Participant: 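One structure, pasted below without further comment.
The structure displayed is predicted, hence computed values, not measured ones. Counting starts at 1 for both ligands and their atoms, in listed order.
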Amino acid sequence: MNKLSIVKEFAQNQLKNDKTGHDFNHILRVVKNAQLILAVESANSELVLVSAYLHDVFDDKLIEDPASKRQEVRQKLTELGYPSNFIDQVFEIIDNMSFSANLAQKKTLSIEGQIVQDADRLDAIGAVGIARAFYYGGHFGETMYDPEILPRQQMDKTAYRQPGTVINHFYEKLLKLKDQMNTITAQTIAKQRQRFMLDFLEKFKSEWGQ
Ligand code: ADP
Ligand code: NI
């Protein structure tokens with residue numbers, strides 16, 4: 001088995017019990033999105049794919065002890081023979097690509113980081129994005145909708161992690177992603193997915209009786 005297949009298998013094992021919308025199928029969709037973008041952009045594809053496979057493995061909203069998980073990931077990549085500067089770049093991408101890491105100020109990402117960020121963000125929008133938001137909201141005990149609770153405007157990471165409503169999550173994050181895509185490929189896909197989310201929100205509110 002080559003190194004990348006071992007990284008893939010490692011990620012699959014790590015995320016197999018996830019029930020928040022960040023399971024291995026999310027990872028496979030992100031990898032597929034990354035490959036679509038890689039067909040157009042020139043970048044180090046090994047760095048993109050390793051980062052895509054591992055990007056949710058030590059996320060602090062999903063696991064108990066992110067520090068020791070980071071260590072485990074570093075050890076795994078070292079064992080596989082990845083050079084330490086490659087491993088540093090993987091961590092640099094994963095640490096700086098998330099929506100929450102970019103709330104206070106926009107981080108600068110390498111082209112590889114921009115590709116993984118776009119690939120991940122594409123999976124947060126559109127039909128799958130809608131499903132994932134409700135799945136996540138249910139898992140963490142969020143209310144589906146409350147017309148009395150307005151979407152939050154300015155948020156730091158702590159405020160962002162406080163439960164809101166799932167419908168508000170569209171206004172607080174998901175609808176903003178279209179204009180934050182880095183690559184032309186992701187911008188094009190995001191446009192269609194945005195339209196679908198806006199239609200969904202309109203229908204949802206009309207059925208609700210608003
Ligand atoms: P990042 O890891 O980029 O900071 P998030 O932590 O915002 O991204 O979450 C990734 C996905 O989890 C979102 O795209 C969404 O599907 C879901 N999610 C996160 N927070 C919420 C929330 N408050 N309500 C509903 N879904 C959420
Ligand atoms: Ni992700």
Side-chain angles (χ1 to χ4, degrees), residues 7-8 11-12 14-16 18-34 37 48-63 66 69-70 73 90-107 109 113-146 149-153 155-178 180-182 186 189-190 193-194 196-197 200-201 204:
V7 170
K8 178 179 177 183
Q12 183 166 21
Q14 297 291 321
L15 296 165
K16 63 174 182 250
D18 180 274
K19 293 285 180 285
T20 71
H22 299 79
D23 64 6
F24 190 61
N25 287 304
H26 162 62
I27 304 303
L28 291 177
R29 292 189 301 268
V30 172
V31 167
K32 199 177 81 195
N33 293 338
I37 302 172
V48 168
L49 297 176
V50 169
S51 305
Y53 278 123
L54 297 174
H55 81 275
D56 277 331
V57 165
F58 47 87
D59 188 318
D60 60 11
K61 71 178 172 300
L62 305 175
I63 62 155
K69 194 55 82 181
R70 290 174 78 88
V73 168
V90 170
F91 279 94
E92 169 86 16
I93 289 172
I94 297 175
D95 289 341
N96 291 312
M97 64 180 270
S98 71
F99 187 75
S100 45
N102 284 275
L103 279 172
Q105 113 193 63
K106 193 171 164 6
K107 299 280 173 34
L109 288 170
Q114 293 179 27
I115 294 172
V116 186
Q117 185 180 60
D118 279 4
D120 189 33
R121 289 181 167 180
L122 283 174
D123 204 50
I125 60 176
V128 169
I130 294 171
R132 289 181 69 217
F134 284 94
Y135 200 59
Y136 181 104
H139 183 89
F140 288 108
E142 239 174 17
T143 304
M144 192 159 76
Y145 181 45
D146 182 343
I149 304 175
L150 295 177
R152 294 163 292 183
Q153 304 289 343
M155 285 177 291
D156 59 12
K157 185 169 173 177
T158 318
Y160 177 68
R161 288 281 173 248
Q162 299 300 315
T165 73
V166 177
I167 291 295
N168 279 351
H169 189 63
F170 287 81
Y171 300 97
E172 291 168 352
K173 174 185 175 186
L174 305 181
L175 293 169
K176 295 178 177 169
L177 296 178
K178 172 181 79 75
Q180 294 178 15
M181 295 295 176
N182 306 295
I189 301 171
R193 296 190 182 183
Q194 183 87 351
F196 187 75
M197 289 195 293
F200 165 78
L201 288 166
F204 183 98

Participant: Record the part of F134 in heavy-atom contact with ligand 1 below 4.0 Å; permitted values are side chain, backbone, both and neither.
Facilitator: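 The answer is neither.
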
Participant: Report the part of R161 (side chain from C-beta onward, or backbone N, CA, C, O) that has a heavy atom under 4.0 Å from ligand 1; answer both or neither where that applies.
Facilitator: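 Side chain only; the backbone of R161 stays clear of ligand 1.
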
Participant: Quick one: does ligand 1 sit under 4.0 Å from the side chain of K173, the backbone, both or neither, non-hydrogen atoms only?
Facilitator: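 Only the side chain of K173 comes within reach of ligand 1.
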
Participant: Checking only N/O/S atoms, does D56 have one that is under 2.8 Å from the Ni ion (ligand 2)?
Facilitator: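 It does: D56 brings an N, O or S atom closer than 2.8 Å to the Ni ion (ligand 2).
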
Participant: For ligand 1, find out whether one of its N or O atoms is nearer than 3.5 Å to an N or O atom of L174.
Facilitator: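 For ligand 1, there is no N or O atom that lies under 3.5 Å from one belonging to L174.
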
Participant: Are D59 and ligand 1 in contact, using a heavy-atom cut-off of under 4.0 Å?
Facilitator: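 So D59 counts as touching ligand 1.
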
Participant: Can a salt bridge be assigned to the pair D123 and K32 using a cut-off of 4.0 Å between side-chain N and carboxylate O?
Facilitator: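 Not counted as a salt bridge, because no side-chain N and carboxylate O are separated by less than 4.0 Å.
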
Participant: Could you identify the single nearest non-hydrogen protein atom to atom 27 (C) of ligand 1 and state the distance to 0.1 Å?
Facilitator: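 Going by distance alone, atom 27 (C) of ligand 1 is nearest to Y136 CD2, 3.1 Å.
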
Participant: Can you see whether D56 engages H26 through a side-chain donor-acceptor pair at a distance of less than 3.5 angstrom?
Facilitator: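 Judged by distance alone, the side chains do pair up.
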
Participant: Looking at ligand 1, would G164 count as a contact under a 4.0 Å heavy-atom criterion?
Facilitator: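 Judged by the 4.0 Å heavy-atom criterion, G164 does not count as contacting ligand 1.
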
Participant: For the residue pair F204 and Y145, does the interplanar ring angle fall in the parallel (under 30°), tilted (30 to 60°) or perpendicular (over 60°) class?
Facilitator: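 Plane angle over 60°, so perpendicular.
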
Participant: Side chain or backbone of M97 under 4.0 Å from ligand 1, or both, or neither, by non-hydrogen atoms?
Facilitator: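 Under 4.0 Å from ligand 1, M97 contributes no heavy atoms.
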
Participant: Are F58 and F91 near enough that their ring centres are under 6.0 Å apart?
Facilitator: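 Yes, the ring centres sit under 6.0 Å apart.
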
Participant: Does ligand 1 have any atom that is closer than 4.0 Å to a heavy atom of H22?
Facilitator: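 Contact present.
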
Participant: Is there a polar contact, in the sense of an N or O pair closer than 3.5 Å, between T165 and ligand 1?
Facilitator: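 Between T165 and ligand 1 (N or O atoms, distance only) the closest approach is not under 3.5 Å.
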
Participant: I'd like to know: is the Ni ion (ligand 2) within the 2.8 Å range of an N/O/S atom from H22, strictly under that distance?
Facilitator: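 Checking the Ni ion (ligand 2) against H22, no N, O or S atom falls under 2.8 Å.
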
Participant: What residue among V30, V116, D120 forms side chain to side chain contact (heavy atoms under 4.5 Å, CB included) with S51?
Facilitator: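 Among V30, V116, D120, the one that satisfies the side chain to side chain contact (heavy atoms under 4.5 Å, CB included) with S51 is V116.
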
Participant: Looking at the Ni ion (ligand 2), is one of the N, O or S atoms of D120 less than 2.8 Å from it?
Facilitator: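 Yes - counting backbone and side chain alike, D120 has an N, O or S atom under 2.8 Å.
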
